[in-house]
Amino acid sequence: MRNIRLILAYDGTRYRGWQRLAGADNTIQGKLEQTISRLLAEPVQVHGSGRTDAGVHALGQVANFHCQSAMPCPQILAGLGQYLPEDIGVLSCQEVHPRFHARLNALSKTYLYRVWNSTEPCVFQRRYVYRMPEALDTAAMEQAAAHLLGKHDFRAFSTGKSGKKSTLRTIYRLEIFREGPEVRFLVQGDGFLYNMVRIMVGTLLEAGLGRKQDIPEIFAAGRREAAGYTVPASGLFLQEVTYP
């Protein structure tokens, strides 16, 4: 049994997220499984490094699947390029160790969030940014962001039901920088809760608008209502996944 690793890029605008859904064919995982199964003439199950939500994009999603087929990786890559829709692209395809698992072996993930911070219209990038014309105080956002670094209980920064699962996560890197009319947020961590990046960015944007955000106080409260709002999915990209 072979184990094949893929690196993917996709425009999540018209999809209901990564995870396969019963009765729905407009998910990234579902499209991949249908296309690979057709190409290799055998059923396959694709495992992703994580589930991106509806409308979220990827620049470097990692996935793997097992198969019996002897089709060479370059041929698999070419076939996927031919049969997948144009908004899903496979950047690389290689055979890896049988025990490699895209999700279980991941060490960290890096997300990029893009904010169009200008009063000018955003014609060509409108599907991939969150438009905020108000002036933002970058220094205030950086000051608040510093408190998000390290290991914390991010329960207040998630809309998911944690149940018995741990809400402790570690943020290794959180950078805020301007690129033309955009303000970009780059966040790297060992894992992320449901909507965690989008709530973190919403909280930092509120700080940038002059609304005081006491991050330690938000952590202590541990309630979703204590943190900022959830920014739209359109500006979020899974940029990179790292492995040992």
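Basis for what follows: all heavy atoms, side chains included, without hydrogens, waters or symmetry-related copies.
Of all the heavy atoms in Leu39 and Met71, the pair that sits closest is O-CE, 3.7 Å. Closest of all the heavy-atom pairs between Glu33 and Val46 is OE2-N, 2.9 Å. Closest approach of Ala102 to Gly48, counting heavy atoms only: CB-C, 3.9 Å. Smallest separation of non-hydrogen atoms from Ile4 and Cys93: CG2-SG, 3.5 Å. Of all the heavy atoms in Thr203 and Gly228, the pair that sits closest is OG1-N, 2.8 Å. What you find for Leu80 and Thr35 is that their closest heavy atoms are CD2-CG2, 3.9 Å.
Between the side chain of His152 and the backbone N or O of Pro216, no donor-acceptor pair lies under 3.5 Å. Here the side chain of Arg184 pairs no donor or acceptor atom with the backbone of Arg114 at under 3.5 angstrom. Panel note: side chain Gln19, backbone Thr27; no donor-acceptor pair is recorded below 3.5 Å. A distance-only check finds no donor-acceptor pair linking the side chain of Ser158 to the backbone of Met196 [under 3.5 Å]. No donor-acceptor pair under 3.5 Å is formed between the side chain of Asp11 and the backbone N or O of Asp87. Arg126 contributes no side-chain N or O that, together with a main-chain N or O of Tyr130, makes up a donor-acceptor pair within less than 3.5 Å. A donor-acceptor pair under 3.5 Å is formed between the side chain of Glu42 and the backbone N or O of Gln68. Formation of a donor-acceptor pair under 3.5 Å by the His57 side chain with backbone atoms of Gly235 is not found in this model. Looking only at distances, a side-chain donor or acceptor of Asn3 sits under 3.5 Å from a matching main-chain atom of His97.
The distance from atom CD of Glu142 to atom CD of Glu175, rounded to the nearest 0.5 Å, is 9.5 Å. Atom CD of residue Gln213 and atom CE of residue Met141 lie 12.0 Å apart, to the nearest 0.5 angstrom. Note that CG of Leu204 is 6.0 Å distant from CD1 of Ile215, once rounded to the nearest 0.5 Å. Atom CZ of Arg169 and atom CG of Leu148 lie 15.0 Å apart (nearest 0.5 Å). Atoms CD and OG, from Glu182 and Ser118 in turn, are 10.5 Å apart once rounded to the nearest 0.5 Å. Taking OG1 of Thr52 as the reference point, atom CD of Gln29 lies at 10.0 Å (rounded to 0.5 Å).
With a 6.0 Å radius and a threshold of 12 heavy atoms from other residues, nucleotides or ligands, Glu95 has its CD atom above the threshold. The environment of OH in Tyr243 is crowded: more than 12 heavy-atom neighbours from other residues, nucleotides or ligands sit within 6.0 Å. Heavy-atom contacts from other residues, nucleotides or ligands closer than 6.0 Å to CD of Glu134 number more than 12. Counting heavy atoms of neighbouring residues, nucleotides and ligands inside a 6.0 Å radius, atom CZ of Arg127 does not exceed 12 of them. No more than 12 heavy atoms of other residues, nucleotides or ligands lie within 6.0 Å of CZ in Arg38, so this atom counts as exposed by the packing criterion. Atom CD of Gln94 is surrounded by more than 12 heavy atoms from other residues, nucleotides or ligands within 6.0 Å. Other residues, nucleotides and ligands place no more than 12 heavy atoms under 6.0 Å from the CZ atom of Arg51.
In this model, a donor atom of one side chain and an acceptor atom of the other lie less than 3.5 Å apart for Asn117 and Arg178. Donor-acceptor pairing under 3.5 Å is lacking for the side chains of Asn195 and Thr230. With hydrogens and angles left out, the side-chain atoms of Ser49 and Gln61 include a donor and acceptor closer than 3.5 Å. No hydrogens or angles considered: a donor-acceptor pair under 3.5 Å links the side chains of Ser108 and Gln188.
A single hydrophobic cluster is not seen to contain both Leu8 and Leu59; linkage of ILVMFWY side chains at heavy-atom distances under 4.5 Å, directly or through other members, places them apart. Follow the hydrophobic side-chain contacts under 4.5 Å out from Leu32 and you reach Leu40 in the same cluster. Note on Leu136 and Met200: same hydrophobic cluster, where clusters join Ile, Leu, Val, Met, Phe, Trp and Tyr whose side-chain heavy atoms are under 4.5 Å apart, directly or indirectly. Residues Phe157 and Leu168 fall into different hydrophobic clusters, defined by Ile, Leu, Val, Met, Phe, Trp and Tyr side chains chained together at heavy-atom separations under 4.5 Å. One hydrophobic cluster, built from ILVMFWY side chains closer than 4.5 Å, cannot hold both Ile36 and Leu91; they sit in different ones.
Side-chain contact between Leu236 and Tyr111: present, with at least one pair of heavy atoms (C-beta onward) separated by less than 4.5 Å. Between Phe100 and Val62 there is a side-chain heavy-atom pair separated by less than 4.5 Å. The closest side-chain heavy-atom distance from Ile199 to Arg224 is below 4.5 Å. You'll find the side chain of Arg14 stays beyond 4.5 Å of the side chain of Asn26, heavy atoms only. Side-chain contact check for Leu209 versus Met132: some heavy-atom pair is nearer than 4.5 Å.
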Arg2 and Cys73: side-chain contact (heavy atoms from CB on, under 4.5 Å), yes or no, with the steps?
CA-CA 11 Å; Arg2 301 167 68 206; Cys73 285; 3.9 Å; yes
Candidate pair Leu205 and Val183, rule side-chain contact (heavy atoms from CB on, under 4.5 Å), full reasoning
CA-CA 10 Å; Leu205 287 175; Val183 174; 5.7 Å; no
Intermediate values then yes/no, ring pair (Phe, Tyr, Trp, His ring centres under 6.0 Å), Tyr10 and Tyr15
CA-CA 10 Å; Tyr10 50 82; Tyr15 293 96; 7.5 Å; no
Apply side-chain contact (heavy atoms from CB on, under 4.5 Å) to the pair Asp190 and Lys151, showing each step before the final yes or no.
CA-CA 10 Å; Asp190 61 357; Lys151 188 173 185 178; over 6 Å; no
Decide side-chain contact (heavy atoms from CB on, under 4.5 Å) for Leu186 and Phe177; before the verdict, give the C-alpha distance in whole Å, the side-chain angles of both, and the deciding distance to 0.1 Å.
CA-CA 8 Å; Leu186 199 63; Phe177 56 97; 4.3 Å; yes
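Applying the side-chain contact (heavy atoms from CB on, under 4.5 Å) test between Trp18 and each of Leu238, Val56, Ile28, Asp53 identifies Ile28 as the sole match.
Ring geometry for Phe237 versus Tyr128: interplanar angle of 30 to 60°, hence tilted. Under the 30°/60° scheme for interplanar angles, the aromatic rings of Phe219 and Phe154 are found to stand perpendicular.
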